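In what follows, a single structure is set out as structure tokens and then discussed.
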Amino acid sequence: MNFDYIDFGRAMERVSLGLTLLVIVLSLIAIRAKDRRFILAARHGMIAGGIAITLAAACLVAAFFDGVYGIEYVFSYSESKLDPQYKFAGLWAGLDGSILFWAMILGVVGAIVAWSFRKRGMDPSGRRLEPYVYIVYACVQLFFLAVICIESDPFTEVSAGLVAMLQERQGALEGALVRGWLPTDGRGLNPLLENYWMTFHPPSVYLGFILYTVPFAFGMAALIAGEFSSYWIRTTRVWTLVAWLFNTNGIILGGLWAYEVLGWGGYWAWDPVENASFLPWLTGTAFVHSVMIQERRDMMRVWNSLLIAMTFILSIFGTYLTRSGIVSSVHAFASGVIGDWFLMFLLALIAVSLFFLFYRMRDLRSPNTVDSVFSREGVFLLNNMVLVAIAGAIVVLTLWPKISMEFLDRPISVNVPVYNLVCTPFFALLLFLTAIGPNTAWVRTSLSRLVRNLAGPAILAVPLAAGTQYLAYAVVRGEAANLDDPIASMAHFYPGFVIIFLGWWIVTALGWEVLRTVNAHDRIRRTGGRGGSWISSFLRVGLKNNRRYGGYLVHVGLAVLAIGVAASSIYSVTDEVSVAEGDTATVGPYEMTVTGLQRDVPVSAYFSTKVHLSVAQNGTEVATLDPERRFYPATGFRTEEQPTTEVKIKRFFLEDFYVYFEPDQGGKYIFTIFRKPLISMIWLGWILMLAGGLFAAVPIGKRKVGLAT
Amino acid sequence: MKVVIPFALIFVGLAALIAMGVTQGGIPELQVEQVLAGEYPGREVKVHGFLESIQSGERPLRFKVRAKESPDVMMDVVCDRTKPDTFQKDYDVAVQGYWNPDDNTFVAEQIFTKCPSKYEAEAKEGLGSPDMVLDPAAADETSN
């Protein structure tokens, strides 16, 4: 008996929708009747709903592997010879599947949240909030399930129009449409998406967006229920950090994908889709800092509720931006009905969040205030303002074509230089605050102490920054001669200095802070007659307060990333050379020789043309590279031919040698070579940020967080 | 007051930078008809349309962009850049550069094509009416 993927998938979607509605009803009854039996039923409903939508997603993945091309979504994103990893990735390769993936993760996370409520001896605040959390969470889940069931069902059968087109294309149509005929293979994934980053980047971005739902649901539940303790902040801390980690990871993986695949030598172009993932990161980062003020000073309760609402709303705004066609861009989706759904949801979220914030405003106010700007909370507050301001600026610039159309009667787009002009000074301010923040104390820090702690690291950062710039400008860019002419070098040398200096200052200031703390700990241990090395003191300090030192590692990662961004973008070199087989071209300090050609070799679904390159420096070969051009013909059910450019990158210690070529023109190949100084620091910074975030999220520290006075 | 002053400074600074950025770096977005009508000649603009045909795939790239609203209106474009991988007939395309009235050609400095994952909506439009769904039983039989 054949398994009916379509019926089963659709049934599971609808079961999940029904259960989610039931969760809302049961939770409302539980609140009204004050009867815990209804809460228990709602809890089980959350878990069952999560299981049902997971089964629907599993069914779609199984349909990909089983080659059920009667499902239009499977037909559109798969084919029999597609690698298994891309069949799996088919779940999020298109719009309908990505919404199902979103709903599935929401379902799984919702089930985990519900399961975590089963613990005995839970904080009374948790018991009180439970039905409210279910209501908020289920409302979000309901939206996605409704979109799937009504507008964007990935289990839709292939349409008769498509079948007719394919039959005509295959020459199978003889006079009339053959009823019951279905494609025996799929159209295949676009070759540009057949890249290993396709397996990691989109789910990471989605997970970042989706996991913010948990702190949002708890925050809104606390507002609705009038529960003003910091319970929701403590409970959702790990969820928030994990969401932030996925968000960070998704953004940087996207950059890495663009860099390695798209052939323009860059990783960030301020495109609306990129901005969409960056906006919740900015407010999420502000939230991660701001909740600490609530924990330690019992302040900022209104602000924290607003920030988490803003973060969640911005993750939906990003999704709306990319699915509505509201702004045209490199990435923007063509306009579709689904955009209207997201717009309605967005407006509802804003209205409900603002309503409850204003409703509870008076109760949320804290008697405590910021005593001094030179305090941890003062710096955090400034950091929050800068982050939110940058987010606001990016929203304005992203929507500027629409805003200008409305007010100036003409759409005006803004490009990378405008974003850089607006955001760079605020990024510099953010780095400055990151350098001084960890050296401030709660409540108040004397200015003299701050200067004492920061002056040494700042002095140390100057030669480090100058050295970094010397490497990027003089050694990699090969403009050492210009250093003799201060005026000529100034234009290139100084723009990056501020960012690179601030990056190094963060590293040295944190290093100094850690050194002082570990030394003090080590002294106390020795005075107390206890043994152990300095290393063991270092490990003890780190493990005892992993939240703080994990955060420090994230800051170091951010600093390293900032140095990499500044050096690789300001001091990047682009060369274009035209070379025939056997000839050599000079590219900066390198000699690049075309050693061989391999033309139109059939490989699987495409024809490959490769150029073999030998890259030498001072007569010694340092790299062999074989950039490639592929041509995917329109065969079978693949209705469009598609060329792709395969970039090759040699990663040296100080720079990346990045090359691709254009089709043969009169026996010569035109090579474009980017040399990107210190770009590896971006990826190193990414790894440090992830490692620090994970270390901070793991509940190993024994230190209890109490109010600072 | 301690909070209001830095917030106001940040807000004013940001507003000033945005105003400076969009007035000096903003690029008018036009449709093909507007360019051909001589709006903003010689000034940097961004033009949206559909790729009609490619006359030369080698550099300098020469192609025609069709107006979105008027299928008969075409604009000749020349661009000294590599042909993007997702540069195919009828695809949505935007070109940034300036209109040269002397030879009635748009000189593009940048070409914007879409990410391959984002063509879904257009592709679906060509797949026929969704109400003409085939018999699911037949679908099951044939594809499994």
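Chain naming here is simple, since letters A, B, ... match the order of the sequence lines and numbering starts at 1 in each. These values consider heavy atoms only, across backbone and side chains, with no hydrogens, waters or symmetry-generated copies. Owing to the predicted nature of the structure, the values given are computational and were not obtained by experimental measurement.
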(message) Only pairs of heavy atoms separated by less than 4.5 Å count here; which of B:L30, B:V22, B:V45 has the most with chain A?
(response)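 Sorted descending by pairs with chain A, the first entry is B:V22.
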(request) Could you check which of B:Q96, B:Q24, B:K83, B:M20 has the highest count of heavy-atom pairs closer than 4.5 Å to chain A? (result)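 Looking at each of B:Q96, B:Q24, B:K83, B:M20 in turn, B:Q96 comes out on top.
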Side chain from CB out, backbone as N, CA, C, O: work out which of these in [X] comes under 4.5 Å of a heavy atom of chain B, or both, or neither.
X      : answer
A:V422 : both
A:P425 : side chain
A:V386 : both
A:L397 : side chain
A:Y419 : neither
A:P411 : both

(message) Counting only heavy atoms not in B:Y98 (residues, nucleotides, ligands), do more than 12 fall under 6.0 Å from its OH?
(response) no
(message) So B:F112 and B:V93, do their side chains get closer than 4.5 Å, heavy atoms only?
(response) no
Under a 4.5 Å cutoff for heavy-atom pairs, which residue among [options] has the most contacts with chain B?
options                        : answer
A:P643, A:P417, A:S404, A:S413 : A:S413
A:Y660, A:W400, A:F426         : A:F426
A:I412, A:V414, A:N420, A:L189 : A:I412

(request) I would like to know whether A:W257 and A:M198 meet side-chain contact (heavy atoms from CB on, under 4.5 Å); could you show each step before the answer? (result) CA-CA 8 Å; A:W257 185 357; A:M198 177 67 190; 3.6 Å; yes
(request) Answer yes when A:D153 and A:R10 have at least one side-chain N-carboxylate O distance shorter than 4.0 Å, and no when they do not. (result)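 Salt bridge present between A:D153 and A:R10.
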(request) Identify whether the distance between the nearest side-chain nitrogen and carboxylate oxygen of B:D72 and B:R66 falls below 4.0 Å. (result)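 So B:D72 does not pair with B:R66 through a salt bridge.
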(request) For B:K89, check salt bridge (charged side-chain N to carboxylate O under 4.0 Å, His left out) against everything at least two apart and list the hits. (result) B:E52
(request) Can you sort out the partners of A:R410 under salt bridge (charged side-chain N to carboxylate O under 4.0 Å, His left out), two or more places apart, ordered by chain and number? (result) B:E39
(request) Please look at B:Q34 and chain A and tell me whether the side chain, the backbone, both or neither of the residue comes under 4.5 angstrom of a heavy atom of that chain. (result)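 Contact with chain A is through the side chain of B:Q34 alone.
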(request) Determine, stepwise, if the pair B:K68 / B:D92 fulfils side-chain contact (heavy atoms from CB on, under 4.5 Å). (result) CA-CA 9 Å; B:K68 284 195 163 178; B:D92 214 337; 3.1 Å; yes
